[in-house]
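Contents: one structure, followed by commentary.
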Amino acid sequence: MAKIIDGKAISKQIREEIAAETAEFAKNSGFKPGLAVIIVGEDPASQVYVRNKRKACDEVGFYSESYELPAETTQEELETLVDKLNNDDKIHGILVQLPLPKHLDETRVLLKINPEKDVDAFHPYNVGKIMIGDYSFLPCTPAGVMALIERSEIDVCGKKCVVIGRSNIVGKPMAMLLLHSHGTVTICHSRTQNLASICKEADILVAAIGKADFVGADMIKEGAVVIDVGMNRKADGKLTGDVNFAEAEPLASYITPVPGGVGPMTITMLMQNTLTAAKNKVK
Ligand code: GUN
């Protein structure tokens, strides 16, 4: 029987800490941390995220702006808005919701964001800083996973860690953060041979593949910590992870549920990064 890592409860606790720090910061500095969120087009999932981000900002006492731009927005219009926000003293963090519509060049947009306001840590400058272990911002989802691991008092040092997935947003930075915590890290992906046997050796298994119920009993070592980053919609509209929870739970020592595991942590870490950006500005 695994211990369930309650992402909702841990997230609530961290947001309360951020709210208290924000109140103290605002009292001393005379201004609130400010976050701008840009969304282009009408992807319903992205619209939900943006709404949740705005709510989270209100909850912790931040100033926030949201820009919901039409799908036909041009590269130039988007970059002009990013530039305006780069030069806006009320805004300390800028987030451009991904994916962008196909006609827009994501890399060029991310390069436009001032790295000091890059609260997603997607700018190549911040990605490079993560690689060398010297960073102001951590990408929100991997940072959320590390916070869940730390607050559950799970020791990563010397452990075999396997990350399934090699995306720039999750897999790659996740592997780097586990490495910085002295884990012995393997990254697996769609071309990996003997995937199940590699996963079955993991003390800490992080699934970030984007395929519902992909990780089954044959991939989990008894006593492993299983972290599920997946968020997949089933035909009935219900949210499900990358891990087959019913099969994994009896084997794991700790496991994150979906929903209520990693999901709530992502926005919480965004709040953390925005507060850090505001504090860095004062420094
Ligand atoms: N789309 C899915 N996850 C993320 C994220 O963490 N940040 C941004 N900007 N877009 C996303």
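Quick note: residue numbers are just sequence positions, from 1. Both counts, for ligands and for their atoms, begin at 1 and track the order of listing.
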Residues clustered with Met231, ILVMFWY side-chain links under 4.5 angstrom: Tyr49, Leu239, Val258
Ligand 1-proximal atoms of Leu270, by part, heavy-atom distance under 4.0 Å: neither
Phe122 and ligand 1 - part of the residue with a heavy-atom distance under 4.0 Å: side chain
Aromatic ring pairing Phe25/Phe31, orientation class (parallel under 30°, perpendicular over 60°, tilted between): perpendicular
Side-chain (Thr192) to main-chain (Leu195) donor-acceptor, under 3.5 angstrom: no
Ring pair (Phe, Tyr, Trp, His ring centres under 6.0 Å) contacts in which one or both residues fall within residues 234-282, not counting sequence neighbours: none
Heavy-atom gap Leu95 to ligand 1 smaller than 4.0 Å: yes
Lys160 atom NZ: more than 12 heavy-atom contacts under 6.0 Å: no
Heavy atom of protein closer than 4.0 angstrom to atom 3 (N) of ligand 1: no
Atom 7 (N) of ligand 1: the protein heavy-atom neighbour that sits closest, reported with distance to 0.1 Å: Asp120 OD1, 3.1 Å
Nearest neighbour in protein (non-hydrogen) for atom 10 (N) of ligand 1: Leu98 N, 3.0 Å
Minimal non-hydrogen separation, Ala36 against Tyr67, with atom names: CB-CE1, 4.4 Å
Min N/O separation Thr266 to ligand 1 under 3.5 Å: no
N or O contact, Cys140 vs ligand 1, cut-off under 3.5 Å: no
